[in-house]
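Atom set for the values below is all heavy atoms of this structure, side chains included, hydrogens, waters and symmetry mates excluded. Positions are given from 1 along the sequence.
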Amino acid sequence: MRHDRNWLLIDDNWDIPQLDIEVWLAKFHEKCLGQSVFEVFDTILVISRSGVELAVATQEYTETLAIPSLKES
């Protein structure tokens, strides 16, 4: 039985130069749509290598969000 929502969390830790998040998110979203990934996952979340941005992709939209620092100021 499928849950109400099914999310996938990805940690971007590849040992390659980091691409512009908006550029790769658009390409990633296009690939996910083409491979029907959103039939399995409602939301895909990708934590940037730097740990300061979160890319969000659903079938309908993409967005990037800032991840607040938990370090003391």
Side-chain angles (χ1 to χ4, degrees):
M1 182 175 129
R2 187 168 184 222
H3 297 281
D4 291 340
R5 290 181 282 177
N6 201 13
W7 292 6
L8 174 64
L9 176 63
I10 301 171
D11 181 10
D12 175 14
N13 60 6
W14 284 57
D15 191 23
I16 59 173
Q18 189 166 350
L19 301 173
D20 178 88
I21 194 166
E22 296 293 335
V23 172
W24 72 254
L25 182 56
K27 291 179 181 182
F28 177 75
H29 188 247
E30 184 178 314
K31 290 280 189 186
C32 288
L33 289 171
Q35 296 180 8
S36 303
V37 173
F38 295 110
E39 290 182 16
V40 177
F41 298 105
D42 299 298
T43 304
I44 301 174
L45 307 159
V46 183
I47 300 173
S48 67
R49 183 177 315 148
S50 62
V52 298
E53 291 177 299
L54 180 69
V56 180
T58 70
Q59 186 160 353
E60 295 81 24
Y61 71 94
T62 62
E63 68 177 324
T64 56
L65 305 169
I67 299 175
S69 175
L70 298 177
K71 296 179 182 178
E72 294 181 355
S73 300

Exercise. Between Phe38 and Asp42, what is the shortest heavy-atom contact and its length?
Worked result: CD2-O, 4.1 Å
Exercise. Under 4.5 Å between side-chain heavy atoms, hopping through other hydrophobics if needed: is there a path connecting Ile47 to Val37?
Worked result: no
For this session: Find the distance between CZ (Phe28) and CD1 (Ile10) and round it off to the nearest 0.5 Å.
Result: 4.0 Å
Exercise. In the single-linkage hydrophobic clustering (I, L, V, M, F, W, Y; side-chain heavy atoms under 4.5 Å), do Leu33 and Leu45 co-cluster?
Worked result: no
Report, one line per pair, each donor and acceptor closer than 3.5 Å where one atom sits in a side chain of residues 50-62; sequence neighbours left out.
| from | atom 1 | to | atom 2 | distance (Å) |
| --- | --- | --- | --- | --- |
| Ser50 | OG | Ser48 | OG | 3.1 |
| Thr58 | OG1 | Glu60 | N | 3.2 |
| Thr58 | OG1 | Glu60 | OE1 | 3.4 |
| Thr58 | OG1 | Tyr61 | N | 3.2 |
| Thr58 | OG1 | Tyr61 | O | 3.4 |

Problem set entry | Beyond-backbone contact of Thr64 with Glu22, side-chain heavy atoms, under 4.5 angstrom | yes
Exercise. Got a sec, which hydrophobics cluster with Val23, joining ILVMFWY side chains under 4.5 Å apart, including via others?
Worked result: none
Exercise. Quick check: are there more than 12 heavy atoms from other residues, nucleotides or ligands sitting under 6.0 Å from CD of Glu63?
Worked result: yes
Exercise. Is it true that Leu8 and Val40 fall in one hydrophobic cluster, defined by side-chain heavy atoms closer than 4.5 Å?
Worked result: yes
